Amino acid sequence: MLELQDVCFTIQKDGEAINLIDNASLKVPRGHFMAVVGPSGCGKTTLLKTIAGLNEESDGDLIWNGRNLAKEKDFEPAEIGYVPQFSIAYDQLTVDESIESATRLRVKTKDDSELDDRIDRILEETGLAPLADQLVKLLSGGQKRRLGLAMELVTSPQLLLCDEVTSGLDPRSERDIVHLLHGLSRSNGRAVISVTHSLAHLELYDSILVLHEGRIAFHGPPGELTHYFSCNDTEEVYPKLAKQRSEKWQHSWNKHREAYYKKIENRRNQL
């Protein structure tokens, strides 16, 4: 399980301390698929980078499987995968060569047979097997996102962090990637956290985290989102957020958090 307890990420601007992430507390159990949504500039990527350790938290505790990452050692390299928005694969390599390079860099295999088996498994898992010999430069946007996922899956991470991996995709490709991430969260207890600008396909997530000005305004099952914000459609959530300061949303959320966490747990038990 991943747990954040009053985590802050603070920067200095014009001599003033500004919390880009302000007292974030949340829980992500094993095998959980969570979306992080919110208006542009609300801190979604900053939160993801803070969880990953790319931003060092200014205060609070990050706990991973009982280990306090803020006070003890960080994630082991094989425990976490971080998928950026844009592909880092080299255009002149094939899909197979890209995954092989990532595997050789990050995983110790006893022989070529074990290496090949791992690559083949990842190709199948991400739906890239038919494209194994395709050059990266010839891939579509959705295929490149799959390859980015594949290159992070070489270590079989238990926590997979995805930053806007559906951004800029056509609706069908977006749906396919969300379905893929959902499937990955059901593999070996892996937790998957996906930052997204899109409010489509929310029903596939186990929980939705809504950020507003660096503060958590909601974290609960997707079916409770519109009820919590007293609106008829998910598209109304962002305008509703803007009508109230983030401090008030955070205060309201802290009062209701445990009740909604019970709903997340009940939903999980019904799956």
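No experiment lies behind these values; they were computed from the predicted model shown. For the numbers below, each heavy atom of this structure counts, side chains included, while hydrogens, waters and symmetry mates do not. Sequential numbering from 1 along the given sequence is applied to the chain's residues.
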| Roughly how far apart are T103 OG1 and D116 CG, rounded to 0.5 Å? | 10.0 Å
| field | D14 side chain vs E16 backbone, donor-acceptor pair below 3.5 Å | value | no
| Straight-line distance of R146 CZ to L181 CG, nearest 0.5 Å | 9.0 Å
| said: Could you walk me through whether R145 and S173 satisfy the side chain to side chain contact (heavy atoms under 4.5 Å, CB included) test, starting with their C-alpha distance in whole Å, then the side-chain angles of each, then the deciding distance to 0.1 Å, before giving a yes or no? | reply: CA-CA 10 Å; R145 304 296 168 82; S173 296; over 6 Å; no
| said: Just checking D117: does its CG atom have more than 12 heavy atoms from other residues, nucleotides or ligands closer to it than 6.0 angstrom? | reply: yes
| query | In terms of the angle between their ring planes, are W253 and Y228 parallel, tilted or perpendicular, with boundaries placed at 30° and 60°? | reply | perpendicular
| said: Donor-acceptor check, side chain of K240 to backbone of S230, threshold 3.5 angstrom: yes or no? | reply: yes
| query | Cluster question for you: counting only ILVMFWY and a side-chain heavy-atom cut-off of under 4.5 Å, with indirect links fine, are F75 and I193 together? | reply | yes
| query | Does E224 use its side chain to pair, donor to acceptor, with the backbone of P221 at less than 3.5 Å? | reply | no
| Do T50 and T46 come within less than 4.5 Å of each other through their side chains, counting heavy atoms only? | yes
| Does CD1 in I18 sit with more than 12 non-hydrogen atoms of other residues, nucleotides or ligands closer than 6.0 Å? | yes
| said: Grouping I, L, V, M, F, W and Y whenever their side-chain heavy atoms are under 4.5 Å apart, do L54 and L4 come out in a common cluster? | reply: yes
| said: Has R186 got a side-chain atom pairing as donor or acceptor with G31's backbone, closer than 3.5 angstrom? | reply: yes
| query | Got V178 and Y205 here, is their nearest side-chain heavy-atom distance under 4.5 Å? | reply | yes
| R245/E213 under side chain to side chain contact (heavy atoms under 4.5 Å, CB included): CA gap, chis, key distance, verdict | CA-CA 8 Å; R245 292 289 298 172; E213 297 174 353; 3.7 Å; yes
| Transitively linked via ILVMFWY side-chain contacts under 4.5 Å: L135 with I99? | no
| field | Considering all heavy atoms, the nearest P157-G81 contact | value | CB-N, 3.5 Å
| How far apart are the closest heavy atoms of P222 and L202, and which atoms are they? | CB-O, 3.3 Å
| said: Take a 6.0 Å sphere around NZ of K263 and say whether it holds more than 12 heavy atoms from other residues, nucleotides or ligands. | reply: yes
| message | Is the shortest side-chain heavy-atom distance between V192 and H182 below 4.5 Å? | response | no
| task | For residues T155 and P77, determine if any side-chain heavy atom of one lies less than 4.5 Å from a side-chain heavy atom of the other. | result | no
| query | Does any non-hydrogen side-chain atom of K44 lie less than 4.5 Å from one of E164? | reply | yes
| message | Could you see if F9 belongs to whatever hydrophobic cluster contains L69? Use Ile, Leu, Val, Met, Phe, Trp, Tyr and a side-chain cutoff under 4.5 Å. | response | yes
| query | Which atom pair, heavy atoms only, marks the closest approach of T109 to L115? | reply | OG1-CB, 3.9 Å
| field | Check against side chain to side chain contact (heavy atoms under 4.5 Å, CB included), T234 and V37 | value | CA-CA 11 Å; T234 55; V37 304; over 6 Å; no
| query | Checking D59 side chain against V7 main chain: does a donor-acceptor pair fall under 3.5 Å? | reply | no
| request: Spell out, as yes or no, whether a donor-acceptor pair under 3.5 Å connects the side chain of H227 to the backbone of G223. | output: no
| Looking at side-chain heavy atoms only, is the closest gap between S98 and V136 below 4.5 Å? | yes
| task | Please answer: with hydrophobic residues joined when any side-chain heavy atoms are less than 4.5 Å apart, are L2 and Y260 in the same cluster? | result | yes
| query | What are the two closest heavy atoms between A129 and E124, and how far apart are they? | reply | CB-OE2, 3.4 Å
| task | Give a yes or no on whether K49 atom NZ has more than 12 heavy-atom contacts from other residues, nucleotides or ligands under 6.0 Å away. | result | no
| How close do V154 and A102 get, heavy atom to heavy atom, and via which atoms? | CG2-O, 4.0 Å
| If we only count heavy atoms from C-beta on, is the I216 to S25 side-chain gap below 4.5 Å? | no
| message | Salt bridge check, E97 against R104: does any charged N sit closer than 4.0 Å to a carboxylate O? | response | no
| said: Nearest 0.5 angstrom please: N188 CG to R30 CZ, how far? | reply: 8.5 Å
| remark: In this structure, NZ of K27 is separated from CD1 of I264 (nearest 0.5 Å) by 10.0 Å
| task | Rounded to the nearest 0.5 Å, what's the gap from CG on L161 to CG on L47? Could you check? | result | 9.5 Å
| Between S40 and H197, a side-chain donor and acceptor under 3.5 Å | no
| When you look at L153 and L184, which way does the side chain to side chain contact (heavy atoms under 4.5 Å, CB included) test go after all the steps? | CA-CA 9 Å; L153 290 173; L184 292 174; 3.8 Å; yes
| field | Qualifying residue, where the test is salt bridge (Lys or Arg N to Asp or Glu O under 4.0 Å) with R67 and the options are E76, E72, E79 | value | E79
| Are any non-hydrogen side-chain atoms of R215 and N23 less than 4.5 angstrom apart? | no
| note | Heavy atoms of S198 and T196 approach each other most closely as N-OG1, 3.0 Å
| request: Rounded to the nearest 0.5 Å, what's the gap from NE2 on H32 to CE on M1? Could you check? | output: 9.5 Å
| task | May I ask you to decide if A70's main-chain N or O and N68's side chain share a donor-acceptor pair within less than 3.5 Å? | result | yes
| task | Answer yes if the ring centres of H219 and Y261 are under 6.0 angstrom apart, and no otherwise. | result | yes
| said: Can a donor-acceptor pair be found, under 3.5 Å and without considering hydrogens, that links the side chain of Y238 to the backbone of G38? | reply: yes
| message | Tell me whether the count of non-hydrogen atoms from other residues, nucleotides or ligands lying under 6.0 Å of CG in D111 goes above 12. | response | yes
